[in-house]
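By convention here, the first residue in the shown sequence is residue 1. These numbers come from the heavy atoms of this one structure, side chains and all, not from hydrogens, waters or symmetry mates. Just so we're clear, the structure is a prediction, and the values are computed from it rather than from any experiment.
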Amino acid sequence: MKLEGKAAIVTGGGRGIGREIGRRFAAEGAHVLLADVDGERARDAADEIGAAGERATPCTADLGRPEGAARMFTHAEECFGGRLDILINNAGIAHHGAFLELSFEDWERVLRNNLTSAFLCAQGAARIMAAGGGGRIVNIGSISGQRGSYGRTAYGVTKAGIHQMTRIMAVELGPRGIAVNAIAPGPIDTGITSMGPDQERRYLERIPLERFGHARDVAGTALFLVSDEAAYLTGSVVNVDGGFDAAGLIFSYTELTTVKSDVRDPSKSD
């Protein structure tokens, strides 16, 4: 029961990574507010947690708009009596599209849902935490915010912004007792996004652990970051990616150990 008695908000808590984090936190003793633009999904997730004998409250809110974020914090005040210990800033949308074909409408929509929502929720949570003596904020970024990747213009930019906002928040909020970190998931199989067979193959070729991640992999890292074990950790971006970002080209071990790279191939010229 690492989070016994803690008050936690999980945005985007109706499905995928957010839903799994909410379930994990509730199992560790937290009272969790699950905020999602899809109220039905939020209620379903809260009901699932409640059926296990744990505490979760759903909240319907469009967090990319100031009035939506304000609605969530009003609901949180009713649930938690004005205190807040933890924010998991997870709400966002996926978007894949070539740079030359990206519309202004899609660009603006992704920025509002991913980056603006993260700012509004983090700022609101930090104000409550600062008044209450501290807390923990975990922003969910992405490996797409750290490296170039085809079709990730809007999405990658928002996630890079979340990573940098995390560092700035850690610097400014540390003296107020608020630790801020980010998680950068790699290829996670949540069922929210789909990939073609070529995309899937190319990903797997570059993941040293040779599998896609699961929502539980991210939830376990989030639990660590908000627990007492991470009390001196702030300003970090933790990759949960199976080694994807660390990997370059990955070769067959058999070929690597049998082909001598320092022997000249006479069939190739200078």
Check: Got a salt bridge between Arg211 and Asp217, using NZ or NE/NH1/NH2 to carboxylate O under 4.0 Å?
Finding: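 Yes.
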Note to self: So that I can tick it off, tell me whether Glu205 and Arg201 are bridged by a salt bridge, with the cut-off set at under 4.0 angstrom between side-chain N and carboxylate O.
What the structure shows: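 Here Arg201 pairs with Glu205 in a salt bridge, since their nearest N and O are under 4.0 Å apart.
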Next item on the list: Using the test side-chain contact (heavy atoms from CB on, under 4.5 Å), find all partners of Asp44 that sit at least two apart in sequence or belong to another chain.
Entry: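 Residues passing side-chain contact (heavy atoms from CB on, under 4.5 Å) with Asp44: Arg19.
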Got a sec: does the [atom1] of [X] have more than 12 other heavy atoms crowding it under 6.0 Å?
| X | atom1 | result |
| --- | --- | --- |
| Glu67 | CD | yes |
| Glu229 | CD | yes |
| Arg55 | CZ | no |
| Glu40 | CD | no |
| Arg202 | CZ | no |
| Arg83 | CZ | yes |

Note to self: As a quick check of understanding, evaluate side-chain contact (heavy atoms from CB on, under 4.5 Å) for Lys6 and Val32, giving each step before the final call.
What the structure shows: CA-CA 8 Å; Lys6 299 291 187 181; Val32 182; over 6 Å; no
Exam field: side chain [X] to backbone [Y], donor-acceptor pair closer than 3.5 Å:
| X | Y | result |
| --- | --- | --- |
| Asn113 | Arg109 | yes |
| Asn181 | Gly235 | yes |
| Thr234 | Val180 | yes |
| Asp62 | Gly64 | yes |
| Asp36 | Gly14 | yes |
| Asp38 | Arg41 | yes |

In the single-linkage hydrophobic clustering (I, L, V, M, F, W, Y; side-chain heavy atoms under 4.5 Å), do [X] and [Y] co-cluster?
| X | Y | result |
| --- | --- | --- |
| Val157 | Ile93 | no |
| Leu3 | Ile88 | yes |
| Leu33 | Val138 | no |
| Phe25 | Leu34 | yes |
| Leu223 | Val238 | yes |

Any chance you could measure [X], atom [atom1], to [Y], atom [atom2], to the nearest 0.5 Å?
| X | Y | atom1 | atom2 | answer |
| --- | --- | --- | --- | --- |
| Ile128 | Gln123 | CD1 | CD | 11.5 Å |
| Thr221 | Arg24 | OG1 | CZ | 9.0 Å |
| Arg147 | Arg152 | CZ | CZ | 11.0 Å |
| Glu20 | Ile188 | CD | CD1 | 11.5 Å |
| Ser227 | Ile86 | OG | CD1 | 9.0 Å |
| Asn90 | Asn114 | CG | CG | 10.0 Å |

What heavy-atom pair brings [X] and [Y] nearest, and what distance separates the two atoms?
| X | Y | value |
| --- | --- | --- |
| Cys121 | Thr11 | SG-CG2, 4.1 Å |
| Asp85 | Gly5 | OD2-O, 4.2 Å |
| Leu84 | Ala7 | CD1-O, 3.7 Å |
| Ala61 | Gly68 | CB-O, 3.4 Å |
| Ile49 | Ala26 | CG2-CB, 3.5 Å |
| Pro185 | Gly141 | CD-O, 3.2 Å |

Going by atom type alone, with no hydrogens or angles, which donor-acceptor pairs under 3.5 Å involve a side-chain atom of residues 160-174 and a protein atom two or more places apart or on another chain?
| residue | atom | partner | partner atom | Å |
| --- | --- | --- | --- | --- |
| His163 | NE2 | Ser142 | N | 3.2 |
| His163 | NE2 | Ser142 | O | 3.4 |
| Gln164 | OE1 | Arg167 | NH1 | 3.0 |
| Thr166 | OG1 | Asn139 | ND2 | 2.9 |
| Thr166 | OG1 | Ile162 | O | 2.8 |

Next item on the list: May I have the step-by-step check of ring-ring contact (aromatic ring centres under 6.0 Å, His included) for Phe80 and His31, ending in yes or no?
Entry: CA-CA 8 Å; Phe80 305 140; His31 180 183; 5.1 Å; yes
Do [X] and [Y] touch side chain to side chain, with heavy atoms closer than 4.5 Å?
| X | Y | value |
| --- | --- | --- |
| Leu204 | Glu210 | no |
| Leu102 | His95 | yes |
| Leu233 | Leu225 | yes |

Checklist line | Leu120/Leu63 under side-chain contact (heavy atoms from CB on, under 4.5 Å): CA gap, chis, key distance, verdict | finding: CA-CA 7 Å; Leu120 291 172; Leu63 300 173; over 6 Å; no
Next item on the list: Give the C-alpha distance, both sets of side-chain angles, the deciding distance and a yes or no for side-chain contact (heavy atoms from CB on, under 4.5 Å) between Ile137 and Ile178.
Entry: CA-CA 7 Å; Ile137 297 175; Ile178 304 170; 4.1 Å; yes
Item checked: Residues His75, Thr60; criterion side-chain contact (heavy atoms from CB on, under 4.5 Å); working and verdict -> CA-CA 10 Å; His75 201 156; Thr60 306; over 6 Å; no
Next item on the list: Give the ring-plane orientation class for Phe244 versus Tyr203, where under 30° counts as parallel, over 60° as perpendicular and anything between as tilted.
Entry: tilted
